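Treat the numbers as computed from the prediction; the structure is a model and nothing was measured. Proteins get letters first, then strands, A, B, ... in listed order; numbering begins at 1 in each.
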Amino acid sequence: MRNGPRVILHVALAAVRENVRNRFFTLFAVFAFAAVYASVLAGVMAVDQEGRVLTDFGLTLIEFTVLAYALFNASSVLLREAETKTIYLVFSRPVPRWAYLAGKLAGSLATSAVMLALMGALHLLLLRLRGFPPPAYYAWALCGSLLKLSVITSLALFISLFSTSAVSTLVISGIVWTAGHFSAETGFLAAHSSGAKAAVLKGVLLLIPNFQLFNVRDLASALPAAAFAAAALWTAGACLAASWLLSGKEF
Amino acid sequence: MSAPAVSFSGVGKTYKRPGLLSSRYTVGVAGLSFELRRGEVTGLLGLNGAGKTTIMKLITGLLFPTEGKVRVFGHPPSEGAAKAKVGYLPELPYFPPQVRPAEALAYYGSLSGLSGSALAAAVESAVRRTGLEPHAAKKISEFSKGMLQRLGLAQALLHAPDLLVLDEPVSGLDPLAIHDIRGLLSGLNSEGRAIFLSSHSISEVEKLCSRVLIMVRGSLARTVERAEWESSPRGLEGIFVEAVR
Amino acid sequence: MRLLLAFAALLSWTAGGLFSSVSYRSQFPPPPEIHVPADGASGDMLALAFGARRLFADVWFIRLMQYYGTPELEEGEQAGEYDWLVPGPKSEAEHERHEAAMNGEGRYPEFLPRSLHILQIDPFFTAAGLYSATALAFNMNRPSEAEELLRYGLRYSPREWKYLKVLAAVGYSRSSDPAAVAASIAPLLKDPDCPVMLKQLAAFLNKRSGNVAAAAAIYADIAATSRDPSYVRNAERELRLLAAGRPGR
């Protein structure tokens, strides 16, 4: 147990270093180009709502870019380390498996947080250049995105431990992501259904994380305290489930 | 009396492959009972699929036995107390290509519980002992097969383990590299470390080991002491061929 | 130990679900209220699926402005037959048609459904609600539709005072009291999100009531802050006319 925090830190740092080397600059270039292009388009089409459109477009693009990277990484990292036998060099050492998993998740989230922060700074600079002040809810919107990423990344790590390929992990995670944004609609259907159908819908509501809880981007408001608590519970649940699978996994 | 380095008691490992309607079971090893003595160099010989890598993974806690009991210095292999004393070199080790050897070794050393000056000293010593000093400035992507093998050995040495488990340590190496590795392993053994190595090269096993285990289709067919193969006119090769036929 | 991990995982995950279901209440219109007026159902699905309601509401708003900015065809007219920008002398009917288009007049039968749809996707897009209500009530002379839109907006933003102000202004416009209408919407003009169409309306109403100074101040604000070149050009023209003592029509 003493090893745990130390292992988490070292694995997380190694994960961030590897991520920075491999992905950052390509994504920055893509985002920078997309942001400039969006600015030109928005200026032409949105007229007096340009500030709002630029903000909405940028926040959505930032979240999707970081989500794409986080899911791609989480769905393949453990599989890749098992295939290349890198994981042999780790688990033949006194490394608690739960700590290794936590380190991988922490590294992924740290990378996501840095990407969100840097892309957000670039986006705010763009808004400033176009003459718009930073919206009051901007930091909350990025924070909400990070909480969403925490839940979906930990879930993707768990799914990757039993799925047959990185692609299937990506697909399943994508389905959960999409379904999680339909929680309000699912709740509406459940309230207007009866019998087995209502029970199934209520079960779905309980099992699929409600990503709308973190989506203050759409409400232009602060994050409620409940969002942090829910994110912590879901992330912990997915991590515990992944630890359960990893503890019995052979290599 | 201290526990042996490794103890196998009636160990079996059956692999389960889930199928569409039912599962397929393959016996990796069965009924294995043997000990590896502290400070001894023991070789493991066998044809492909005989169970050599299975045994090594059972010792390092990467696989769990289906039957029987495995103990490493008296502890179950999955416990930290056992793993802290074992250094493992898998066959064809892989390292992140964009890092330099010292960075990779520092990472694995930190996972073994080393830090600060002790970690730096361990990395420096491992690099020097495995002959990687001339290549320290290169990225791993520029390494040859022999250099990768040396790096694999270096990561196994970092935490000064009492037992080295080496899966095909000289596989694919040129004669000079093999000579260097042999010298290194002899030196490590003279420090009191036990070494357990598998190889397809009978001559290498003959030169290094004091005892050899011969695996045939998942079972331990023969245990041969050095005195036996040295006194046999057929040598270790003849004993091996007879055992596997 | 492993069983404990699995149990703890299920417990934590379910607790998250229970906690979320207790603390979350959707502030958006339910599915039966969302009616897609034009080709865009797939866009709405994406809006919901990716949690990008605001962004897709922006896209619908841009589509609304493009729809409203496209001159309508006369009965029997083919697309491309009428183009004001083609050089050459224009008949009086063409001049009247062009002026009506510049004033935002026209049938635009999809204007209300499209406007409602924006609020169905993002009920907090107040600027869009005000823009549409202003265009319906004061450009297209359809105060009932403007009131319907504003009342829908108030369902999800009951404390949105700007909707109440414009609702009052629509009421005053029915009684042909331009001064009262101007006074109703005056507080909205200071808001940075106030639609420029509303500002232009306020300036026009002040001008009609004889309050030239107030009209000039509003036109000056439009010229300085609006990003729409047509509104800026119009404001600058009005300022020149007001300065010359000849208020335009």
Side-chain angles (χ1 to χ4, degrees), chain A residues 43 45-50 52-53 55-57 59-60 63-64 98 148 151 158 177-185 187-189 202 205-215 217-220 224-227 229-244 247-248, chain C residues 1-28 30-32 45 47-59 61-63 65-66 121-122 124-125 127-128 131 192-197 225-231:
Chain A
M45 290 192 293
V47 204
D48 284 325
Q49 290 301 311
E50 182 184 353
R52 179 189 151 112
V53 171
T55 304
D56 293 343
F57 196 102
L59 282 173
T60 306
E63 182 174 297
F64 282 2
W98 66 265
K148 270 200 229 180
V151 176
F158 165 65
W177 174 268
T178 308
H181 285 98
F182 276 108
S183 292
E185 287 69 30
F188 176 84
L189 279 175
K202 281 175 184 160
L205 268 178
L206 213 56
L207 284 176
I208 305 282
N210 179 5
F211 288 120
Q212 280 295 101
L213 190 59
F214 313 114
N215 215 25
R217 193 159 45 85
D218 271 354
L219 290 171
L233 285 167
W234 278 318
T235 303
C239 283
L240 286 166
S243 293
W244 166 61
S247 65
Chain C
M1 178 63 183
R2 286 197 70 217
L3 209 57
L4 204 63
L5 273 175
F7 180 70
L10 196 60
L11 198 66
S12 184
W13 189 267
T14 315
L18 278 168
F19 191 78
S20 158
S21 61
V22 159
S23 52
Y24 176 76
R25 287 288 172 268
S26 174
Q27 297 183 49
F28 297 104
M45 281 301 293
L48 297 182
F50 295 142
R53 278 177 175 263
R54 259 180 77 108
L55 179 62
F56 280 85
D58 294 346
V59 172
F61 182 64
I62 291 170
R63 290 183 69 181
M65 287 199 293
Q66 289 174 334
I121 299 295
D122 180 7
F124 312 108
F125 197 170
Y131 169 90
D193 253 352
C194 177
V196 68
M197 188 193 298
T225 60
S226 177
R227 289 172 185 253
D228 189 330
S230 61
Y231 281 101

CG of A:L219 to CG of C:D122, rounded to nearest 0.5 Å, is 8.5 Å
Checking A:Q49 against chain C: side chain, backbone, both or neither under 4.5 Å from a heavy atom? side chain
Interface moiety of A:A227 toward chain C, non-hydrogen atoms closer than 4.5 Å: neither
Measure distances from A:L59 to the heavy atoms of chain C and classify the residue's part below 4.5 Å as side chain, backbone, both or neither. neither
Which atoms of C:F50 approach chain A - backbone, side chain, both or neither, heavy atom under 4.5 Å: both
Which residue out of C:Q66, C:R2, C:M1, C:M65 racks up the most heavy-atom pairs below 4.5 Å with chain A? C:R2
Going by heavy atoms in the side chains, are A:P224 and C:Y24 under 4.5 Å from each other? no
In this structure, CH2 of A:W244 is separated from CG of C:L3 (nearest 0.5 Å) by 8.5 Å
Mind listing the closest non-hydrogen atom pair of A:A236 and C:S12 along with its distance? CB-OG, 3.6 Å
Would you name the heavy atoms of C:F19 and A:A229 that are closest together and state the gap between them? CE2-CB, 3.5 Å
To the nearest 0.5 angstrom, please state how far the CZ atom of C:R53 sits from the CD atom of A:Q212. 6.5 Å
Non-hydrogen side-chain atoms of A:W98 and C:L5 separated by less than 4.5 Å: no
Pick whichever of C:S26, C:G17, C:P32, C:G51 has the most heavy-atom pairs under 4.5 Å with chain A. C:G51
Which atom names give the shortest non-hydrogen contact between C:D58 and A:V53, and what distance separates them? OD2-CA, 3.6 Å
Please name the pair of heavy atoms, one in C:S23 and one in A:A226, separated by the smallest distance, quoted to 0.1 Å. OG-CB, 3.5 Å
Indicate yes or no for a side-chain donor-acceptor contact from A:N210 to the backbone of C:S20 under 3.5 Å, with no hydrogens or angles considered. no
What pair of heavy atoms forms the shortest contact from C:P31 to A:E185, and how long is it? CG-CG, 3.6 Å
Measure C:M197 against the heavy atoms of chain A and call it side chain, backbone, both or neither at under 4.5 Å. neither
Heavy-atom donor-acceptor pair, C:R227 side chain to A:D48 backbone, under 3.5 Å: no
Calculate, to the nearest 0.5 Å, the distance between atoms CZ and CZ belonging to C:F28 and A:F188 respectively. 16.0 Å
Under a 4.5 Å heavy-atom cut-off, does chain C meet the side chain of A:D218, its backbone, both or neither? both
Ion pair C:R54/A:D56, N-O distance below 4.0 Å: yes
Per-residue contact mode, A:F64 against chain C (heavy atom under 4.5 angstrom): side chain
Heavy-atom cut-off 4.5 Å, strictly under: side chain, backbone, both or neither for C:Y131 against chain A? neither
Answer whether the closest heavy-atom distance between the side chains of C:F7 and A:L240 falls below 4.5 Å. no
Looking only at A:T235, A:L205, A:L189, A:L233, most heavy-atom pairs under 4.5 Å shared with chain C are made by A:L233
Examine whether an atom of C:D228 lies under 4.5 Å from a heavy atom of chain A, and if so say whether it belongs to the side chain, the backbone or both; otherwise answer neither. both
Using the ring of C:F125 (Phe, Tyr or Trp, six-membered ring only), decide whether A:R52 places NZ or CZ under 6.0 Å from its centre and within 45 degrees of its axis. yes
Nearest non-hydrogen partners of C:A52 and A:T60, listed with the distance: CB-CG2, 4.2 Å
